[in-house]
Amino acid sequence: PRPILLTRHGESRDNVRGRIGGDSVISDTGELYARKLANFVEKRLKNEKAASIWTSTLQRTILTASPIAGFPKIQWRALDEINAGVCDGMTYEEINKNMPDEYESRKKDKLRYRYPRGESYLDVIQRLEPVIIELERQRAPVVVISHQAVLRALYAYFADRPLKEIPHIEMPLHTIIEIQMGVTGVQEKRYKLM
Ligand code: F6P
């Protein structure tokens, strides 16, 4: 059975500063992860000629994929991080201070809360539908390099987790979640590369 490998991008400059959204490049630590990931993928998928690497359209995922050699890379806008609208580029602390009502509404119902001029988790889940259909259709392995909120939603789909849990699923940096779909159900392995 073909594996699906899910990973967040390597640590970004905005991750270091605690800023959400944006389109920053990866940090030195993030670059180290990119090299380790390439090593891992090239070994793990050595005999998988038809495998492919899927990223979002944001720099941090494209840069994370860049050291991986030997597989086609495809960019999906649907894999871009949740759009934080007017809060894009802010820290959680700044949102709490400058827009306390927004901060509270999100805390109360993170699944349904929609950032002003941005998205909710439910919006993200909906826009991922074509990606999921395409993932299900693939016969070869796929490496998905995306973002925290998007990967929570994708992971929940394959691991059959309830909707209300999605915004709270732990999705650490620098970790690969390997999902295998077999006849007996879904199996999962985790590789923490750093
Ligand atoms: O902080 C990294 C990040 O990917 C942000 O860009 C995004 O807004 C956030 O995580 C999503 O996580 P949460 O829904 O927990 O705020």
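All values below come from the heavy atoms of this structure, side chains included, with hydrogens, waters and symmetry mates left out. Counting starts at 1 for both ligands and their atoms, in listed order.
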Practice item. Check each atom of ligand 1 against the heavy atoms of R106 and keep those under 4.0 Å away; list them by number with element. Key: 13 (P), 14 (O), 16 (O)
Check your understanding: Does ligand 1 have a heavy atom under 4.0 Å from the side chain of R152, from its backbone, from both, or from neither?
Key -> side chain
Review point. Is H147 close to ligand 1, meaning an N/O of one under 3.5 Å from an N/O of the other?
Key: no
Study note, to complete from the structure: At under 4.0 Å between heavy atoms, what of M90 touches ligand 1? The answer is neither
Check your understanding: Does the separation of the ring centres of Y155 and Y157 fall below 6.0 angstrom?
Key -> no
Check your understanding: Where is the nearest protein heavy atom to atom 12 (O) of ligand 1: which residue, which atom, and how far?
Key -> Q148 NE2, 3.2 Å
Exercise for review: Using atom types as modelled and distance alone, determine if a side-chain donor or acceptor of Q75 lies under 3.5 Å from a backbone N or O of T57.
Suggested key: no
**Study point:** Protein contact to atom 6 (O) of ligand 1 [nearest heavy atom, distance to 0.1 Å]
**Key:** G21 N, 2.8 Å
Practice item. Provide, to 0.1 Å, the distance between atom 11 (C) of ligand 1 and the closest protein heavy atom, together with that atom's residue and name. Key: E81 OE2, 3.7 Å
Point to revise | Y121-ligand 1 polar pair, N/O distance under 3.5 Å | key: yes
Point to revise | Nearest-neighbour protein heavy atom for atom 8 (O) of ligand 1, which is reported as residue plus atom name and distance | key: I20 CB, 3.5 Å
Point to revise | Electrostatic pair K97:E94 at N-O distance under 4.0 angstrom | key: no
Check your understanding: Among protein heavy atoms, which sits nearest to atom 16 (O) of ligand 1, and what does the distance come to when rounded to 0.1 Å?
Key -> Y92 OH, 2.6 Å
Exercise for review: Determine, using heavy atoms of H168 and all atoms of ligand 1, whether some pair is separated by less than 4.0 Å.
Suggested key: no
Point to revise | Side chains of L154 and L79 in contact at under 4.5 Å (non-hydrogen atoms) | key: yes
Practice item. For atom 15 (O) of ligand 1, find the nearest protein heavy atom and state the residue, atom name and distance (0.1 Å precision). Key: K110 NZ, 2.7 Å
Check your understanding: Is there a side-chain contact (heavy atoms from CB on, under 4.5 Å) between F158 and I177 once you walk through the steps?
Key -> CA-CA 11 Å; F158 290 109; I177 303 177; over 6 Å; no
Exercise for review: Have a look at ligand 1 and work out which part of N15, if any, has a heavy atom under 4.0 Å from it: side chain, backbone, both or neither.
Suggested key: side chain
**Study point:** Under 3.5 Å donor-acceptor, R190 side chain and T175 backbone
**Key:** no
Practice item. Scan side-chain atoms only and decide if Y115 and E102 contain a donor-acceptor pair under the 3.5 Å cut-off. Key: no
Check your understanding: Is the shortest side-chain N to carboxylate O distance from R44 to E178 below 4.0 Å?
Key -> yes
Check your understanding: Can you tell me if R152 and Y121 form a side-chain donor-acceptor pair at under 3.5 Å?
Key -> yes
